[in-house]
Structures are given as structure tokens and as C-alpha cells.
Amino acid sequence: AQTVTQSQPEMSVQEAETVTLSCTYDTSESDYYLFWYKQPPSRQMILVIRQEAYKQQNATENRFSVNFQKAAKSFSLKISDSQLGDAAMYFCAYRLTQGGSEKLVFGKGMKLTVNP
Amino acid sequence: DTGVSQDPRHKITKRGQNVTFRCDPISEHNRLYWYRQTLGQGPEFLTYFQNEAQLEKSRLLSDRFSAERPKGSFSTLEIQRTEQGDSAMYLCASSLAVPPEQYFGPGTRLTVT
């Protein structure tokens, strides 16, 4: 079974600084998607970024970028120029691409605090 | 379209009562998913629909849980004979086949007393 591990339960960063959130996963599949979701306090889950396993290029969305290391099964999220609005729970998630389950498998999440 | 909506947002019920939650997905999305999230944990998959067909159910979905999507649009999740362990946030998400991103609703927070 696929598993997703976020080993750091909490992190903090100063406003305008850069922070990296780590995620590892376990799968025997070669074709899958990886996601980072953000869940602000008392608000709904928001997609931050997606990475396809077959793509060697790391995904980037504005201030958010990933470091995808397929052989190491590692998928970290870098947030540049951190803003107060980035404070949230961040979840790493995995999904098969096709021919199998479409469910998302989530890690336990990491609470990010942004200090002014 | 304003996204995935869920109703009610909060539900308090007594142990042993039945509850039903509703999810309205993004209109053009043919896939609909239910997850459960407890405090301090990531969401856990419960079940998913492609159009009106329920294609996958988690082992978490005991016999007391049932989900429907009768016309391939909105979905309902019913919990019969609620237990205190059912207290959680119930999340609904929807997607297309491609791209695979799942868009989440605000959730229904269930408290069983």
C-alpha cells in the first residue's frame, strides 16, 4: 500500500524568508501524481502544486516550487518570500495516474507558522 | 460556478441517531470523493464515484455508512446509528479525469455527543 510521510509536525519561518517542507512516500508504482495542499485555519483545503512522476522538471507555481527526487521518493515544497497568508497546515498527497485507485493518500500534515 | 459546496457545515447529534450530509460538486466534474479528517490527521479516503457509479470504498466505510450519487450530480453520505468515534470533519471533493486535481469543499463537522 502507498504511504506518505511528513516527519516534521511543525515549522516556523520569518515573513519574507524561504522555508522548505519535506515529504517522503512509498510506492511500487512508476506512474503517479504528487500534490501539496494547504489548509488554512477553519478554511477549506486548497491545491498548491502538482507534480507528475514521469516529468523530470520540477513544478513551479509563483512562490511555490517542488524538489522531486523520484529515486529517493522525496517530494519537498519550497515557499519563497513567505507571507502571513501562507500560515496553514500543509499536506502532501499521492495518487496513481491511471488503471488504479483515484483516491488521494495524504500525509499527516505539517503546521506552518509565519512570524511577522 | 463557486466550487464544491457541502451542507450542513456543522452537525451535532446524539449517539445512535442517523445523519445525512450533502455534497454538490463543481458542475462539470464527473468524479466525486468523500474523505474523513480527524484532528491532527490528514484526510482519509472513504469512497468515490464516477458519475453515478460508486467505484471504490475504503475499509473505513463500515456497514453503518452509505453514500449515493443518484444522478451523477450531488452526493449524500449517511451515517446510521452514530457513534462517538464518528466525530470528524467529512470532506467532499470533485475532479475531472484529466487534470487529476481534486477540489475540496469546506467540509461538514460532525460532533456526536
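Just so we're on the same page: letters track the sequence lines, and every chain starts at 1.
- Only the side chain of Arg31(B) comes within contact range of chain A, with heavy atoms under 4.5 Å apart.
- Once rounded to the nearest 0.5 Å, the distance linking NZ of Lys103(A) with CD of Gln102(B) reads 11.5 Å.
- Contacts from residues 76-84 of chain A to chain B, taken as heavy-atom pairs separated by less than 4.5 Å, involve no residues at all.
- Between Arg109(B) atom CZ and Ser42(A) atom OG the span is 7.5 Å, to the nearest 0.5 Å.
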Q | Stepwise side chain to side chain donor-acceptor pair (under 3.5 Å) check, Gln39(A) with Gln37(B) | A | CA-CA 12 Å; Gln39(A) 190 175 39; Gln37(B) 185 178 24; 3.1 Å; yes
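- Per-residue heavy-atom pair counts under 4.5 Å with chain A were compared for Gly42(B), Pro43(B), Gly107(B), Gly40(B), and the maximum is reached by Pro43(B).
- One hydrophobic cluster holds both Phe65(B) and Val19(B) under the rule that ILVMFWY side chains link at heavy-atom gaps under 4.5 Å.
- No close placement of the Phe45(B) and Phe106(A) rings is indicated, their centers lying 6.0 Å or farther apart.
- Counting only heavy atoms from C-beta outward, the side chains of Pro100(B) and Arg95(A) approach each other to under 4.5 Å.
- Residues of residues 62-70 of chain A having a heavy atom under 4.5 Å from any heavy atom of chain B: none.
- Atom CZ of Arg64(B) has more than 12 neighbouring heavy atoms from other residues, nucleotides or ligands inside a 6.0 Å radius.
- Hydrophobic cluster membership differs between Phe74(B) and Ile26(B), with clusters built from Ile, Leu, Val, Met, Phe, Trp and Tyr side chains linked at under 4.5 angstrom.
- Annotation for Lys57(B): atom NZ does not count as buried by contact number, only 12 or fewer foreign heavy atoms lying within 6.0 Å.
- Evaluation of the disulfide bond (SG atoms under 2.5 Å apart) test over residues 11-99 of chain B, restricted to residues two or more places apart or in two chains, returns Cys23(B)-Cys92(B).
- In this structure, the side chain of Gln41(B) does not engage the main chain of Lys108(A) through any donor-acceptor pair within 3.5 Å.
- Counting non-hydrogen atoms of neighbouring residues, nucleotides and ligands closer than 6.0 angstrom, the CD1 atom of Ile12(B) reaches no more than 12 such neighbours.
- The distance from atom CZ of Phe49(B) to atom CD of Glu102(A), rounded to the nearest 0.5 Å, is 13.5 Å.
- Cluster membership check: Tyr48(B) does not share its hydrophobic cluster with Phe21(B), using side-chain heavy-atom separations under 4.5 Å among Ile, Leu, Val, Met, Phe, Trp and Tyr.
- Heavy atoms closer than 4.5 Å to chain A are found nowhere in Leu46(B), neither backbone nor side chain.
- Annotation: salt bridge (charged side-chain N to carboxylate O under 4.0 Å, His left out) contacts of Glu101(B) (sequence neighbours excluded): Arg50(A).
- Both Val19(A) and Met110(A) are assigned to one and the same hydrophobic cluster, defined by single-linkage of ILVMFWY side chains at heavy-atom distances under 4.5 Å.
- Rounded to the nearest 0.5 angstrom, Tyr35(B) OH and Met45(A) CE are separated by 9.0 Å.
- Both the backbone and the side chain of Leu104(A) come within contact range of chain B, judged by heavy atoms closer than 4.5 Å.
- In this structure, Phe35(A) is not a member of the same hydrophobic cluster as Ile46(A), with clusters built from ILVMFWY side-chain heavy atoms closer than 4.5 Å.
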